[in-house]
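Reviewing the structure listed below.
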Amino acid sequence: MTHLVQAIALGLLIGGVYALMASGLTLIFGVMRIINIAQGAFLILVAMLTWWLWHETGIDPILASVVTTPLMFGFGWVAYRLLLSRIRGSSASMSVLLTFGFALVIEGILNITAGNKFKSATPSYFEESFRVGGVSLPKAQVFGFLAAMAVLAVLYFVLTRTWTGRAIRAATQNPSGAALVGVGAASTAALAFAIGTATTGVGGSILSVLYPFFPASHYDWISRLLGIVVLGGMGSLPGALIGAGILGLAETLTATYGSLNWSTLVFYIVIMVVLLFRPQGLFGAKLREDTV
Amino acid sequence: MSRLRSLPRAHLIAGLCLVLLLLYPVVNPWQPYPQGVMLLAFLLAIQASSWNIISGYAGYISLGHSMFLGLGSYTVGVLAVRFGVNPLWVAPLGGITAVVIAVLIGSVVLRTRGHAFVIITIAMLLAAQIFAVNLKSITQGSDGITLELPFWDRDFQNIPFYYVYLILMVLTVLFSAWIRRTKFGTGLVAIREDEGKAASIGVNTTRFKIVAYAASSFFIGMAGGVYAYYLTFINPVGSFAILGSVTIVLATLTGGRGTLYGPVIGAFIVQLVSEGATVYGGGSNARVLVFGLALMLVVLFLPKGILPTIEAWWRRRHPEKVEYTDQAGALSRVPVTATERVRAEIAAVNEKDEVAPGEILLDVRGVSKRFGGLTAVDNADLTVRKGSITALIGPNGSGKTTLFNLISGGMAADSGEIWFDGRRIDGMRPWRRGHLGLGRTYQVTRLFKEMTVQENVVAPLPDSRWRTMFSDAVRGHEAARARELLDIVGLGRFANQPAGALSYGQQKLVELAQVLMLEPKLILLDEPAGGVNPSLLGQLTEVIRELNRSGVTFLIVEHNIPLVLDLCDPVVVFSHGAPIAEGPPERIRTDPLVLDAYLGDDWRPADGDEGTGDPADDRADDRADTTTREAVQ
């Protein structure tokens, strides 16, 4: 019983972190129909950066996101303006290929500069846990979860309460309508891409503490995150939250009752089963067939 | 010799290259290194050509295609070690494993449109790797499988592999060429260009995509089996490498996605460049960077690929003269007569029908469709009788096109029933409705612009038989039929032009010819006269009358009221999502309810000016008992 509670608690904590990581991806897809395969590489890039900051200055890795988040915001803005804006109007598959190439470039550069070895940031609380009842919750997981929730709350606030957020949501739902009322599609897209990229600032910092990583780890991450987005329904933010929770639970439950080796596979099986019955994902709107 | 000369230049060059490649090991037998590089280029060409079937022709990008190479390797590796058979003999089983897995994945993910497919392909590649690592009893886990050394004398080195891969590459290219020539191939390109439209002309998009995915996996699986023997060692990380997938994508993109020879050309370029980068550029770390940069540069600056870019340049240098405006036709206005064979075919289809002329062919019963708060179609009833040319008129936004979409299956109704030819069709997928003989054209034409006019007309499938799907689209019966249909609409001489080059009115006629390929019983025309010049319009009405005499029923949405009153009987008036009146044109012309709702005061005929000038109608007048229905509300 304690095992079960422990597994569920851990699953939800990890799910919260996954939710943050997937939120940027789903936001970018929702606004621009861009599947940003490079999101995983962005995470690893931030994790490397965080690890280096922690290693050099001893700053807390999760707090380091105060530095990395604005950096990634600017990075996303520039990346959109220089690269992705050039293929606006071509099919979504081109964005997949472009961002895939981008991910490889980041991986290649990290391989050469940081080396091909596993790294992990280990702050002082790394080995410590909170004990609640019989359940022990590692402090790193709890802090990561709290940071993720805080960022998601900010993101939610920005999207629903500010003009910028409304502009982004308007552009998601109806780009030409948004353009009519003065929401420029290009600048909104750049903004959304920058915000989506900025979420990797915190996401990558948490990653550097919770998981060992090396440059090629980005494949594992991007396929997990994309899995969450497909499961929840492409472009749906609530869908991403639920999908992330399911991934977290699937992983911890499989690891507790089965074997760690199979935990990612169980998640893929869950996705396939869901798609079998709901091809558009849990929260995805069925594509309106454009018959004009 | 003259037959050889009549072959397209590209095939001649390809044949010449093949001869050189066949001769190479004979001329230069004791050089294992260049042979090794070449055979890896063949392997990449096999993969790229195969990938091109699903991702080039059909436009569904797979980023996990190297999975099939690994599946083939493991199938053959496991069988060879367990049963002691030579890997070469069981290599085809690798292909079969790949096909089985492709069908399983495809039937889950390819049922809908959209972007889930590309994501799932990456996930499945990684899932395959997890399987290979953890199913230790079968795959020996991360330790990998070591195979026996090739049975031939070491003096022969890689020469046998060289020829095996060369033959496999030729087979793959021939297979891809054959697919592109069939209606299956045309359907795949149609899916890439406009999937919704493809479904409406009888292309079973789900089946097509799954078959394409399976077809794109077979030769890779088989090549994977041979690859295991060539390497004599396989392990999960090497067999299911995502970088392998990137190489496939990069090769096809570089050469030209969707072309026949592009993937092969790209494969040779990428293989040679990557070999150069590994030898001179500092190993595999540099390779990731180089591949990534190359992929980005190709997407940004050469998105169509080398081969199409060269072709476009060649065509600009050697322009072909085509007379697009039909001066002679416009001036003489020859009446169009359907060739007898096509007429007989269309008549035969409609005579065989159980529904007799004058009976109800299409029956819409209480159908509604809402978009949020807007009710576009509101509990509408509509019947179309066999042999009639029924008009559906009404103000903009009254729900006519939405009703068309509900009938043709582009959208699902919220409530109500639709019956066609004695069958309930509202739950059917669009292509099933097409196979039953329901065709439609669009308000804004939706031709496949990258295809030629003839390919556009060949693309529709009148039934769901596999034989039809794999029939030749370039020569033979189907192509001849398409030519005849183009002649019927008077556009035969544009057969080999890209559809996008035609004028708007001409595109409308091509779309009509396209629908005729379905052997239709009922054709829904959405504003056939919109944007069509008067002479072309004459041609169009001529064709409609002609087809109607052969037994085809029409339901026409049109704003050109004189045309409607001249051509159609009965006329149904739609307003606020439901019919408000129905009757012969002369009655509709004077119905006060209709005049108020739609035509306005300008149209009200002056006293004494009506009722006499109705042109003699040669259609059977067995539906005179139409009534004016009062508005629902």
Side-chain angles (χ1 to χ4, degrees), chain A residues 29 33 35 37 41 83 86-87 90-109 111-112 115-116 215-216 219-220 222-224 226-227 229-230 234-235 259 261-265 267-269 271-273 275-276 279-281 284 286-292, chain B residues 55 59-61 63 105 107-109 111-116 118-120 122-127 130-131 133-134 195-197 199-200 242-243 246 249-250 253 282 284-300 303 401-402 404-405 408 410-411 430 442-444 446:
Chain A
F29 179 80
R33 305 282 127 179
I35 302 172
I37 306 278
L83 299 173
R86 287 170 188 271
I87 56 160
S90 50
S91 64
S93 56
M94 287 318 240
S95 75
V96 169
L97 299 175
L98 184 64
T99 53
F100 201 119
F102 197 23
L104 291 177
V105 169
I106 294 174
E107 182 195 339
I109 291 174
N111 266 335
I112 291 165
N116 224 335
Y219 299 118
D220 291 335
I222 193 61
S223 59
R224 270 184 209 168
L226 289 172
V229 172
V230 171
M234 309 273 300
S259 130
N261 297 331
W262 295 106
S263 57
T264 315
L265 196 70
F267 178 58
Y268 292 147
I269 292 170
I271 295 176
M272 292 303 260
V273 171
L275 289 184
L276 202 56
Q280 70 273 32
K286 216 172 170 190
L287 274 180
R288 181 169 170 264
E289 319 255 319
D290 304 312
T291 30
V292 179
Chain B
S55 305
Y60 271 76
I61 300 268
L63 278 180
I105 297 175
S107 5
V108 178
V109 204
R111 285 175 305 153
T112 48
R113 283 202 249 163
H115 309 296
V118 61
I119 293 175
I120 292 297
I122 304 178
M124 288 301 115
L125 174 68
L126 295 174
I130 298 175
F131 267 114
V133 171
N134 292 306
E195 196 165 340
K197 161 91 185 189
S200 84
I242 200 151
L243 210 57
V246 179
V249 176
L250 184 59
L253 225 55
S284 57
N285 271 353
R287 219 161 58 146
V288 175
L289 189 59
V290 169
F291 278 4
L293 277 174
L295 190 56
M296 287 174 76
L297 291 175
V298 169
V299 171
L300 288 177
T401 296
T402 305
F404 265 28
N405 289 338
S408 69
M411 292 173 187
Y442 292 86
Q443 192 176 334
V444 179
R446 284 170 72 176

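Lettering of chains follows the sequences in order, A, B, ..., and the numbering in each one begins at 1. Reckoned from all heavy atoms, side chains included, excluding hydrogens, waters and symmetry mates.
Contacts of A:I37 with chain B are made by side-chain atoms alone, with heavy-atom separations under 4.5 Å and no backbone atom involved. The contact between A:I271 and chain B is made entirely by side chain atoms (from C-beta outward), counting heavy-atom distances below 4.5 Å. With a 4.5 Å cut-off on non-hydrogen atoms, A:F267 does not touch chain B at all. Interface remark: A:I87 contributes side-chain atoms only to the contact with chain B (heavy atom separation under 4.5 Å). Heavy-atom distances place no part of B:V133 under 4.5 Å from chain A, backbone and side chain included. For chain A, no part of B:L250 is nearby; none of its heavy atoms comes within less than 4.5 Å. Contacts between A:V105 and chain B at a heavy-atom distance below 4.5 Å involve backbone atoms as well as side-chain atoms. Both the backbone and the side chain of B:I105 come within contact range of chain A, with heavy atoms under 4.5 Å apart. Contact annotation for B:V290: neither backbone nor side-chain heavy atoms come within less than 4.5 Å of a heavy atom of chain A. For A:L275, the parts lying under 4.5 angstrom from a heavy atom of chain B are both the backbone and the side chain.
The six-membered or imidazole ring of B:F131 lies near that of A:W262, with a centre-to-centre distance under 6.0 Å.
The candidate with the highest count of non-hydrogen atom pairs below 4.5 Å against chain B, out of A:A216, A:G108, A:P215, A:S223, is A:G108. Comparing B:V299, B:N134, B:L300 by how many heavy-atom pairs each has under 4.5 Å with chain A, the most go to B:N134. Your options are B:I119, B:L126, B:I130, and the one with the most heavy-atom pairs under 4.5 Å with chain A is B:I119. Between chain B and the options A:D220, A:L98, A:V230, A:I35, heavy-atom pairs under 4.5 Å are most frequent for A:L98. Among the candidates B:V249, B:L63, B:L293, the residue making the largest number of heavy-atom pairs closer than 4.5 Å to chain A is B:L63. Chain B forms more heavy-atom pairs under 4.5 Å with one residue of A:M272, A:R86, A:E107 than with any other, namely A:M272.
Neither side chain, B:Y442 nor B:T401, offers a donor N or O lying under 3.5 Å from an acceptor on the other. A donor-acceptor contact closer than 3.5 angstrom is absent between the side chains of B:T112 and A:Q280.
For the atom pair CZ (A:F100) and CZ (B:F291), the distance works out to 11.5 Å, reported to the nearest 0.5 Å. A distance of 12.0 Å separates OG1 in A:T99 from CE in A:M94, rounded to the nearest 0.5 Å.
Residues B:I61 and A:S93 approach most closely at CG1-CB, 3.2 Å, considering heavy atoms. What you find for B:E195 and B:Y60 is that their closest heavy atoms are OE1-OH, 2.7 Å. Residue B:R111 comes nearest to A:L276 through the heavy atom pair NH2-O, 2.9 Å, listed as atom of the first residue, atom of the second, then distance. In this structure, A:L265 and B:A127 approach most closely via the heavy-atom pair CD1-CB, 3.5 Å.
Using cut-offs of 30° and 60° on the angle between ring planes, the pair A:F29 and B:H115 is perpendicular.
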